[in-house]
There are 2 protein chains.
Amino acid sequence: MKSKAVIDALSALANEHRLAVFRLLVQAGPEGQPAGAIAEALDLPASSLSFHLAHLNRAGLITQSRDGRSLIYAADFTAMNGLVGFLTENCCGGASCAPAVAPTQKKRKAS
Amino acid sequence: MKSKAVIDALSALANEHRLAVFRLLVQAGPEGQPAGAIAEALDLPASSLSFHLAHLNRAGLITQSRDGRSLIYAADFTAMNGLVGFLTENCCGGASCAPAVAPTQKKRKAS
DNA sequence: TCGATATTTCCAGTATCATCGAATTATTGG
DNA sequence: CCAATAATTCGATGATACTGGAAATATCGA
């Protein structure tokens, strides 16, 4: 996962409403939820929700598909996997966030 | 980790420069780096960097300590651990981002 | 085709974020 | 105490994000 994609994903999740939407979709599983149900569950005006859904979609965190009049949104678990993977590898010093104590030897910047 | 803290951490990392700073500090390990070294490594004006460091610090992702004239910043691995933990548990459907397929039964919101 | 439903796009107003030079604060050595 | 060094805070400016009602678009059922 590229740095730019990571930043897009992070900023997409870095919002109260979008984080709530995403969590809801994760709980909903691969089947997803129509926009209307999300709006009702989170008590958000349709236009505001649409803005947030578009944001999450642009960031690649959710997918959109149509079912009749409804647009179904679902969490993209692969993308989320990529994000968590990046954070673990690049921001936790590898492993599972182990403090990276006693590094075998200080990593020296090449030249 | 509370939702508010998660959002603070996510929005702190959702910026090109701050993500670079954080990664640098992760690589630097628990000993951290003085602000000046970071500014030089990332080629950022001192005042801009200071703004970003304050942001990361407010979010709890880095710690600050003084060593003479220098202010040493270091990644807070515990906080990062908490963030990744939250994302894994709440945004990946538990496990390690398994698609959470075939949920035993739909979780119903308690009244 | 028409009316109802589901959702998005448009738009304007407000708010928050990012930038960076200049001024300020903290610390050290002499 | 003073000059030098390290870093922060201030302040003004420009950019970007969020909000939500009204209008537009897509789809369905009859």
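Per chain, numbering begins at 1; letters A, B, ... match sequence-line order. Keep in mind that what you see is a predicted model, and the values were worked out from it rather than measured.
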Quiz item: Above 12 or not: heavy atoms from other molecules or residues under 6.0 Å from CD of Glu40(B)?
Solution: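 12 or below, so no.
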
Quiz item: Contact class for Ser70(A) (heavy atom, under 4.0 Å): base, sugar-phosphate, or nothing?
Solution: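 Sugar-phosphate contact only.
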
Would you kindly give the [atom1]-to-[atom2] distance between [X] and [N], to the nearest whole Å?
{"X": "Glu40(A)", "N": "dT5(C)", "atom1": "CD", "atom2": "C1'", "value": "14 Å"}
{"X": "Asn57(B)", "N": "dA7(D)", "atom1": "CG", "atom2": "P", "value": "15 Å"}
{"X": "His55(B)", "N": "dT8(D)", "atom1": "NE2", "atom2": "C1'", "value": "17 Å"}
{"X": "Leu71(B)", "N": "dA26(C)", "atom1": "CG", "atom2": "C1'", "value": "9 Å"}
{"X": "Leu13(A)", "N": "dA17(D)", "atom1": "CG", "atom2": "C1'", "value": "16 Å"}
{"X": "Leu53(B)", "N": "dC20(C)", "atom1": "CG", "atom2": "C1'", "value": "15 Å"}
{"X": "Glu16(B)", "N": "dC17(C)", "atom1": "CD", "atom2": "C1'", "value": "15 Å"}
{"X": "Leu49(B)", "N": "dC20(C)", "atom1": "CG", "atom2": "P", "value": "12 Å"}

Self-check item: Nearest non-hydrogen partners of Gly82(B) and Met1(B), listed with the distance
Solution: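 Minimum heavy-atom contact is C-SD, 3.4 Å.
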
According to a strict under-4.0 Å criterion, is [X] in side-chain N/O contact with OP1 or OP2 of [N]?
{"X": "Arg66(A)", "N": "dA26(D)", "value": "no"}
{"X": "Ser50(A)", "N": "dT8(C)", "value": "yes"}
{"X": "Asn15(B)", "N": "dA18(C)", "value": "yes"}
{"X": "His52(A)", "N": "dA17(D)", "value": "no"}

Quiz item: Which residues pass the side chain to side chain contact (heavy atoms under 4.5 Å, CB included) test with Ile7(A), sequence neighbours left out?
Solution: Ser3(A), Glu16(B), Leu19(B)

Quiz item: Knowing that exactly one of Leu25(B), Asp8(B), Leu13(B) qualifies, which makes a side-chain contact (heavy atoms from CB on, under 4.5 Å) with Leu61(B)?
Solution: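 That would be Leu13(B); it is the only one of Leu25(B), Asp8(B), Leu13(B) passing the side-chain contact (heavy atoms from CB on, under 4.5 Å) with Leu61(B).
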
Report the nucleotide, chosen from [options], that has the shortest atom-to-atom distance to any side-chain atom of [X].
{"X": "Ala35(A)", "options": "dT8(C), dA22(C), dA26(D)", "result": "dT8(C)"}
{"X": "Ser47(A)", "options": "dC17(C), dG21(D), dT27(C)", "result": "dG21(D)"}
{"X": "Arg18(A)", "options": "dT19(C), dC18(D), dC28(D)", "result": "dC18(D)"}

Quiz prompt | Residue closer to the 5' end of DNA chain C, Tyr73(A) versus Arg69(B) (nearest nucleotide) | solution = Tyr73(A)

Self-check item: Main-chain N/O of Ser11(A) paired with Arg18(A) side-chain donor or acceptor, under 3.5 Å
Solution: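 Side chain of Arg18(A) to backbone of Ser11(A): a pair is present.
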
